[in-house]
Engineer: 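I'd like to ask you about the structure that follows.
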Amino acid sequence: MGKLIVFDGMSTTGKSTVSSIVFKKLNADGQCVWFHEEDREHPTRIDERDAWENSERFRLMWHDRWKRFLSEADANDITYVFDGCIFHELERTFLRNGWAHSVIKELFADLNELFSRHDVTLFLLYKRDLLSSCSKRSNCKLFKSDISKSLLRILRSVA
């Protein structure tokens with residue numbers, strides 16, 4: 001049975017740094033695979049821009065990709081290390097496209113239910129000041145004024 005270790009969080013929280021170190025340590029026997037959040041081959045990545053604007057289409061695609069990946073992971077003994085593939089979507093997709101908090105909460109509840117049936121370890125990396133994390137990314141400026149309150153409300157509701 002495969003194992004999934006996810007390092008997630010907002011931009012500039014150290015996801016890539018930590019996940020690459022863990023990958024290098026675990027890959028001594030060659031039985032580990034690392035997927036960076038920007039990797040085009042990432043098994044749960046959704047590049048279809050029109051799906052980002054349609055929450056129901058995105059939800060169905062995301063659920064299907066996660067379900068497929070987790071089933072395939074269960075069929076082998078590989079450890080997968082993911083960098084920023086869940087909560088990072090808050091910044092990159094959900095909030096930027098104005099999705100309702102209830103829709104985002106439903107997405108995370110769906111994903112949590114999928115994870116509960118598999119060997120998944122999730123580490124959420126964060127900074128105390130979410131705005132400082134966001135200010136280093138120009139694409140965050142679209143919703144910078146509301147990001148702190150929105151993210152904290154969503155993260156508390158799915159915790």
Side-chain angles (χ1 to χ4, degrees), residues 2-19 22 34-74 80-159:
K3 179 174 181 69
L4 173 61
I5 303 170
V6 178
F7 294 91
D8 217 319
M10 296 295 292
S11 298
T12 74
T13 56
K15 301 177 303 291
S16 298
T17 302
V18 174
S19 64
V22 169
W34 180 53
F35 287 104
H36 184 270
E37 64 191 339
E38 299 298 330
D39 187 345
R40 294 274 180 227
E41 301 302 316
H42 196 295
T44 65
R45 182 181 172 102
I46 296 177
D47 283 328
E48 295 83 357
R49 294 212 182 264
D50 59 320
W52 295 353
E53 296 170 3
N54 181 326
S55 59
E56 181 60 18
R57 182 163 182 248
F58 185 96
R59 186 187 70 77
L60 293 171
M61 290 173 74
W62 211 35
H63 178 88
D64 181 58
R65 289 183 191 190
W66 273 106
K67 186 176 179 179
R68 189 173 343 123
F69 169 75
L70 291 167
S71 294
E72 291 171 6
D74 282 349
Y80 297 89
V81 178
F82 278 17
D83 160 16
C85 56
I86 304 167
F87 292 102
H88 194 73
E89 290 294 345
L90 278 170
E91 170 191 336
R92 190 166 55 197
T93 303
F94 309 150
L95 293 175
R96 186 181 311 157
N97 287 295
W99 291 14
H101 292 177
S102 60
V103 171
I104 297 169
K105 185 177 178 179
E106 188 178 309
L107 278 168
F108 287 129
D110 186 38
L111 194 58
N112 184 51
E113 198 275 322
L114 279 174
F115 281 4
S116 70
R117 294 181 265 155
H118 302 276
D119 191 358
V120 178
T121 304
L122 173 64
F123 295 93
L124 178 60
L125 307 178
Y126 69 96
K127 291 184 176 181
R128 290 191 188 276
D129 179 9
L130 292 172
L131 289 177
S132 70
S133 179
C134 187
S135 66
K136 294 182 180 180
R137 301 259 320 212
S138 61
N139 60 356
C140 291
K141 292 176 184 169
L142 296 172
F143 53 84
K144 183 176 172 183
S145 61
D146 295 326
I147 193 169
S148 187
K149 289 185 279 186
S150 296
L151 283 174
L152 289 174
R153 189 177 322 123
I154 292 165
L155 292 175
R156 284 183 186 134
S157 70
V158 297

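Keep in mind that the numbers below use all heavy atoms, side chains included, and drop hydrogens, waters and symmetry copies.
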Engineer: For the side chain of H36 and the backbone of E38, is there at least one donor-acceptor N/O pair under 3.5 Å apart?
Structural biologist: yes
Engineer: Of all heavy-atom pairs between E37 and S16, which one has the smallest distance, and what is that distance?
Structural biologist: OE2-OG, 4.5 Å
Engineer: Within the distance-only criterion (no hydrogens, no angle test), does the side chain of D8 pair as donor or acceptor with the backbone N or O of L124 below 3.5 angstrom?
Structural biologist: no
Engineer: Nearest 0.5 Å, please: how far is OG1 in T17 from NZ in K15?
Structural biologist: 9.5 Å
Engineer: At their closest point, which heavy atom of R65 faces which heavy atom of I46, and how far apart are they?
Structural biologist: NH1-CA, 3.5 Å
Engineer: Can you check side-chain contact (heavy atoms from CB on, under 4.5 Å) on L4 and F35, steps first, answer last?
Structural biologist: CA-CA 11 Å; L4 173 61; F35 287 104; over 6 Å; no
Engineer: Quick one: CD1 on I86 to CH2 on W62, what's the gap to the nearest 0.5 Å?
Structural biologist: 6.0 Å
Engineer: Kindly write out the residues that satisfy ring pair (Phe, Tyr, Trp, His ring centres under 6.0 Å) with F7, not counting sequence neighbours, or none if the list is empty.
Structural biologist: F123
Engineer: Checking E41 against R45 for the salt bridge (Lys or Arg N to Asp or Glu O under 4.0 Å) test, could you report, in this order, the C-alpha distance in whole Å, the side-chain angles of both residues, the deciding distance, and whether it holds?
Structural biologist: CA-CA 8 Å; E41 301 302 316; R45 182 181 172 102; over 6 Å; no
Engineer: What's the shortest heavy-atom distance between V103 and S55, and which atoms?
Structural biologist: CG1-CB, 3.6 Å
Engineer: Does K3 have more than 12 heavy atoms from other residues, nucleotides or ligands lying within 6.0 Å of its NZ?
Structural biologist: yes
Engineer: Test your reading of the model: is there a side-chain donor-acceptor pair from D83 to the backbone of S19, 3.5 Å cut-off?
Structural biologist: no
Engineer: Could you grab the distance from atom CD of E106 to atom CD of E56, nearest 0.5 Å is fine?
Structural biologist: 7.5 Å
Engineer: F82 and F69: aromatic ring centres closer than 6.0 Å?
Structural biologist: yes
Engineer: Under the criterion side-chain contact (heavy atoms from CB on, under 4.5 Å), which of I5, V81, V22, D39 is the partner of W34?
Structural biologist: V81
Engineer: Of the non-hydrogen atoms in T44 and H42, which two are nearest, and what is the gap between them?
Structural biologist: OG1-CE1, 2.9 Å
Engineer: Check V6 against C85 and note the closest heavy-atom contact, atom names and distance.
Structural biologist: CG1-SG, 4.0 Å
Engineer: Before giving the answer on side-chain contact (heavy atoms from CB on, under 4.5 Å), spell out for L107 and W99 the whole-Å C-alpha distance, their side-chain angles and the decisive distance to 0.1 Å.
Structural biologist: CA-CA 11 Å; L107 278 168; W99 291 14; 3.3 Å; yes
Engineer: Using the rule given for side-chain contact (heavy atoms from CB on, under 4.5 Å), can you reason through D110 versus R59, listing the C-alpha separation, both sets of side-chain angles and the distance that settles it, and then say yes or no?
Structural biologist: CA-CA 9 Å; D110 186 38; R59 186 187 70 77; 4.2 Å; yes
